[in-house]
Amino acid sequence: MKKVYLIDDQPISNFITKKLLELEGFDGPVKDFTDPAEAFQDVAEDHDALIFLDLNMPVMSGWDFLDAMKDQDIFHRIIILTSSTSKVDMEKAQQYPCVVKYMVKPMNKQKLSELSDYLKAS
């Protein structure tokens, strides 16, 4: 079963995404983190996870997280879930092969339904 990581410094954002995953019937393991550096330690030891990643976080941004994954040859699928509607951010995200989707908060049922292929067990 695929593991899902939720990485956002705002606990409410992780809570909403987690609840929507439950409502959509996703029954795999979900771990949420408000500290990206702590999350990175778990992610580095995992294989084939799906990560919902915020970009704008203090200390370690989503970009820092993506760069750290790249530097350590860690390949998970990333869904950027951010408040940023910046075209620059959207274009920058495309430069990371692991980023499979760029979504603007808040997460909702319709947006989550677009991700069903990524949430299926591998």
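The chain is numbered in sequence order, starting from 1.
Heavy atoms only, all atoms of each residue included: Lys111 and Pro106 are closest at NZ-O, 3.0 Å. In terms of heavy atoms, Leu115 sits closest to Met103 at CD1-SD, 3.8 Å. Across all their heavy atoms, Lys18 and Val30 have their closest contact at CE-CG1, 3.9 Å. Here the closest heavy-atom approach between residue Met107 and residue Thr17 is recorded as CB-OG1, 3.9 Å. Looking at every heavy atom in both residues, Asp54 comes nearest to Ser83 through OD1-N, 4.4 Å. The minimum heavy-atom distance linking Ser84 with Val104 is given by the pair O-CG2, 3.8 Å.
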Passes side-chain contact (heavy atoms from CB on, under 4.5 Å), Leu21 versus Val4? Steps please. CA-CA 10 Å; Leu21 284 165; Val4 171; 4.1 Å; yes
Start with the C-alpha distance between Leu53 and Leu81, add both sets of side-chain angles, then the distance that settles side-chain contact (heavy atoms from CB on, under 4.5 Å), and finish with yes or no. CA-CA 6 Å; Leu53 180 66; Leu81 182 58; over 6 Å; no
For the pair Leu66 and Val99, evaluate side-chain contact (heavy atoms from CB on, under 4.5 Å) and give the outcome as yes or no after the intermediate values. CA-CA 9 Å; Leu66 288 166; Val99 174; 4.1 Å; yes
Show your working on side-chain contact (heavy atoms from CB on, under 4.5 Å) between Leu112 and Phe26 and close with a plain yes or no. CA-CA 11 Å; Leu112 193 62; Phe26 178 76; over 6 Å; no
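Taking hydrophobic clusters as Ile, Leu, Val, Met, Phe, Trp and Tyr residues chained together by side-chain heavy-atom distances below 4.5 Å, Leu55 does not share a cluster with Val59. Residues Val43 and Leu6 do not share a hydrophobic cluster, clusters being chains of Ile/Leu/Val/Met/Phe/Trp/Tyr side chains in contact below 4.5 Å. Under the 4.5 Å side-chain heavy-atom criterion for Ile, Leu, Val, Met, Phe, Trp and Tyr, Ile79 and Ile16 are members of the same hydrophobic cluster.
Formation of a donor-acceptor pair under 3.5 Å by the His76 side chain with backbone atoms of Leu50 is not found in this model. The backbone N or O of Phe33 sits less than 3.5 Å from a side-chain atom of Asn14, completing a donor-acceptor pair.
Counting only N and O atoms by type, the side chains of Asp9 and Thr34 include no donor and acceptor under 3.5 Å apart. Asp46 and Tyr5 share a donor-acceptor pair across their side chains, judged by distance under 3.5 Å alone.
Under the side-chain hydrogen bond (donor to acceptor under 3.5 Å, both in side chains) criterion, Ser61 pairs with Asp64, not counting sequence neighbours. In this structure Lys101 satisfies the side-chain hydrogen bond (donor to acceptor under 3.5 Å, both in side chains) test together with Glu114, sequence neighbours excluded. Applying the side-chain contact (heavy atoms from CB on, under 4.5 Å) rule to Phe75 yields the partners Asp73; only residues at least two apart in sequence or on another chain are considered. By the side-chain hydrogen bond (donor to acceptor under 3.5 Å, both in side chains) test, Asp71 is found to be paired with no residue, residues two or more places apart in sequence or in another chain being considered. With sequence neighbours left out, the ring-ring contact (aromatic ring centres under 6.0 Å, His included) criterion links Phe40 to Phe65. Looking at residues two or more places apart in sequence or on another chain, you find a side-chain contact (heavy atoms from CB on, under 4.5 Å) between Asp67 and Tyr96.
Atom CD1 of residue Ile7 and atom CD1 of residue Ile80 lie 11.5 Å apart, to the nearest 0.5 angstrom. The OH atom of Tyr102 lies 14.0 Å from the CD1 atom of Ile78; values are rounded to the nearest 0.5 Å. To the nearest 0.5 Å, atom NZ of residue Lys109 and atom CG of residue Leu20 are 8.0 Å apart. Taken to the nearest 0.5 Å, the SG atom of Cys98 stands 10.0 Å off from the CD1 atom of Ile74. Considering CH2 of Trp63 and CD of Gln95, their distance stands at 8.0 Å, rounded to 0.5 Å.
Contact of the Leu119 side chain with the Glu24 side chain is not registered, since no non-hydrogen atoms from C-beta on lie closer than 4.5 Å.
Ion pair Asp48/Arg77 flagged as a salt bridge, since at least one NZ, NE, NH1 or NH2 atom sits closer than 4.0 Å to an Asp/Glu carboxylate oxygen.
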